[in-house]
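A short write-up of the structure that comes next.
All figures in this text were calculated on a predicted structure; none of them were measured in a lab. Chain identifiers are assigned alphabetically (A, B, ...) following the order of the sequence lines, protein sequences preceding nucleic acid strands; residue numbering begins at 1 within each chain.
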2 protein chains.
Amino acid sequence: MLLVEDEPAVRLGVRLALERAGHRVLEAESAQGAWPLLKEAEAVILDWMLPDEPGIKLLERMRQGPFPELPVLLLTARAEVRDRVEGLSRGADDYLAKPFATEELLARLEALLRRAGKRKLLRRGPLLLDLERMEASLGGRPLPLTRREFALLAFLAQRPGRVYTREELLEAVWGQDYLGTPRTVDQHVLQLREKLGEDPKAPRFLETVRGIGYRFREAG
Amino acid sequence: MLLVEDEPAVRLGVRLALERAGHRVLEAESAQGAWPLLKEAEAVILDWMLPDEPGIKLLERMRQGPFPELPVLLLTARAEVRDRVEGLSRGADDYLAKPFATEELLARLEALLRRAGKRKLLRRGPLLLDLERMEASLGGRPLPLTRREFALLAFLAQRPGRVYTREELLEAVWGQDYLGTPRTVDQHVLQLREKLGEDPKAPRFLETVRGIGYRFREAG
DNA sequence: AAGGGCTTGACCATGCCCTGACAAAGGGGA
DNA sequence: TCCCCTTTGTCAGGGCATGGTCAAGCCCTT
């Protein structure tokens, strides 16, 4: 997620909101600074006015250049119909008028990503699972998980609050014909907890339900 | 029971198996054909690949549309973890890899229906017992119970007003081959009363019937 | 051959469960 | 009413099942 915005206060606010929502954030203060970061980005939040050139100019170069598809959300101080039309016609996928609520921003971004990538994302607080790519991130930082770990975590996170026995987990994640100790599940839970930075006393995500099994903690 | 499968041979085989097991079977060969039949179905057996669109697409539309809860068993030729994760993450309740034994199918379907329908809740005034999750709450607050405590309380709460001897409780909750003092029951009743915040003089839930045993107090 | 992922068995900490002992309460008879 | 016996409440300690953790080995991929 690339954030191109020259005003520090706005940049900080948006950045924090994005990270809270599980995005990894790159920043740039100018069109020039943004250009080399584009190839890292899945989407761009672009200010209309930038110190070196109008954001819309950058957008135009992107569209005619190597990034014809990259989702762009345009931030503008002017909310006039005229600007809106201009922005969209020049290749923005959506726009948002300042001042805006961060929730609004997040919601639009979500919609944008969904429309653009049709990627299936599973978000649980700071934890983000990209089910299509089998990639995970925590608080914006990429989280390297193995296949089993990812599959187990994704399965549990699918229904927060529901408790699964080790046998159910083995069947769902390992396959119905799997033979092996139920304790294997424990081991993977251990690995996951470590990678997730869980406090052994008060896990944020993976809870043990003594005598039964494990569950993903409900939101809140 | 709605069966969505384009290959006639498979469809026939599964259909016969389902009917032998006492299910009424609706059939569809495509996603499009399946849609209007959904509202009749108690559960869906859905092929991953269909002539008009992937079964998983249909599933997605169901989940986001009018059938967020309908149990779905996904049939897939691919048994890879990746597909499994994707399928389950998109809202399937279970999956089965082709080729499969019809017995296997029936067994899973059975489990599915049981799981779907059997979210049994037991409510006794402010006390709420979720028999599936083995979770209890009192007046809206979660009530942490151990396995034994929960089993004992749930058993007594099944029939309020009925008195059980310690021997009956031991047999029902501990198992018929259990050896041990009947006084063990007392201990667990004690624990339960404490957790339930009972007034020793006038218990709201767990009553002692002197000379006989215990009972769950009748409502009112 | 090397490396990483997966699995397993072993060992250890924790907390549940059970028990035995003692205190308290109920109930019947004089 | 008082006494005594039975029944139940309560407490604390120990055994044991359960889960956490570690390390070694297997297997697959590179």
Side-chain angles (χ1 to χ4, degrees), chain A residues 134-136 143-153 155-156 163-175 177-215, chain B residues 80-82 84-85 134 136 143-153 155-156 163-175 177-215:
Chain A
M134 297 190 61
E135 285 173 0
L143 185 68
L145 297 180
T146 69
R147 270 191 315 166
R148 283 268 195 264
E149 287 164 0
F150 185 89
L152 177 59
L153 183 58
F155 182 78
L156 285 168
V163 186
Y164 294 93
T165 66
R166 293 180 176 72
E167 284 71 22
E168 285 176 310
L169 293 172
L170 280 178
E171 186 172 328
V173 174
W174 275 256
D177 49 355
Y178 179 79
L179 303 175
T181 332
R183 295 303 306 277
T184 297
V185 176
D186 295 35
Q187 180 57 26
H188 287 273
V189 169
L190 179 69
Q191 293 292 340
L192 277 171
R193 280 178 173 160
E194 191 170 326
K195 289 186 177 179
L196 289 167
E198 296 275 53
D199 174 357
K201 298 295 171 189
R204 277 191 299 173
F205 303 111
L206 297 176
E207 278 185 323
T208 302
V209 181
R210 193 182 172 86
I212 308 183
Y214 296 98
R215 75 171 155 207
Chain B
E80 317 241 333
V81 171
R82 186 198 155 95
R84 193 145 56 222
V85 171
M134 297 191 59
L143 186 67
L145 298 181
T146 68
R147 268 191 307 173
R148 282 269 196 265
E149 288 163 3
F150 185 91
L152 178 59
L153 181 59
F155 182 78
L156 286 167
V163 187
Y164 293 94
T165 65
R166 292 180 177 71
E167 285 70 22
E168 286 176 311
L169 293 172
L170 280 178
E171 184 170 336
V173 174
W174 275 255
D177 50 353
Y178 178 79
L179 304 175
T181 332
R183 296 302 308 279
T184 296
V185 176
D186 295 36
Q187 178 56 27
H188 286 275
V189 170
L190 177 70
Q191 292 293 338
L192 277 171
R193 280 176 173 161
E194 189 170 327
K195 289 187 177 178
L196 289 167
E198 297 275 54
D199 175 357
K201 299 296 171 187
R204 279 192 299 173
F205 303 111
L206 297 175
E207 279 184 324
T208 302
V209 181
R210 192 181 172 82
I212 309 184
Y214 296 98
R215 75 171 157 205

Can you check the [X] [atom1] to [N] [atom2] distance for me, whole Å?
| X | N | atom1 | atom2 | result |
| --- | --- | --- | --- | --- |
| B:Glu207 | D:dG9 | CD | P | 12 Å |
| B:Asp199 | D:dT10 | CG | P | 11 Å |
| B:Leu192 | C:dC18 | CG | C1' | 15 Å |
| B:Leu169 | C:dC18 | CG | P | 13 Å |
| B:Arg147 | D:dC16 | CZ | P | 17 Å |
| A:Phe150 | C:dG5 | CZ | P | 15 Å |
| B:Leu152 | C:dC18 | CG | P | 11 Å |
| A:Glu149 | C:dG5 | CD | C1' | 8 Å |

Subject >> Name of the residue among A:Trp174, A:Tyr214, A:Phe155 meeting ring pair (Phe, Tyr, Trp, His ring centres under 6.0 Å) with A:His188 >> reply: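 The passing option is A:Trp174.
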
Nearest-0.5 Å distance, [atom1] of residue [X] to [atom2] of residue [Y]:
| X | Y | atom1 | atom2 | value |
| --- | --- | --- | --- | --- |
| A:Leu143 | A:Phe150 | CG | CZ | 10.0 Å |
| A:Leu170 | A:Leu179 | CG | CG | 10.0 Å |
| B:Leu153 | B:Lys195 | CG | NZ | 11.0 Å |
| A:Glu194 | A:Glu149 | CD | CD | 9.5 Å |
| A:Gln187 | A:Leu190 | CD | CG | 5.0 Å |

Under 4.0 angstrom between [X] side-chain N/O and [N] OP1 or OP2:
| X | N | result |
| --- | --- | --- |
| B:His188 | C:dC16 | no |
| B:Thr146 | C:dC17 | yes |
| A:Trp174 | C:dT7 | yes |

Under 3.5 Å, which donor-acceptor pairs do the side chains of residues 204-211 of chain B form with other protein atoms, sequence neighbours left out?
| residue | atom | partner | partner atom | Å |
| --- | --- | --- | --- | --- |
| B:Glu207 | OE1 | B:Arg215 | NE | 2.9 |
| B:Glu207 | OE2 | B:Arg217 | NE | 3.2 |
| B:Thr208 | OG1 | B:Arg193 | NH2 | 2.7 |

Original post:
Which is true for A:Thr184 with a 4.0 Å heavy-atom rule: it touches a base, it touches only sugar-phosphate, or it touches nothing?
Top reply: base

Original post:
How does protein contact run along nucleotides 19-30 of chain D, one letter per nucleotide 5' to 3', with B for base contact, S for sugar-phosphate only, - for none, heavy atoms under 4.0 Å?
Top reply: BBBBB-------

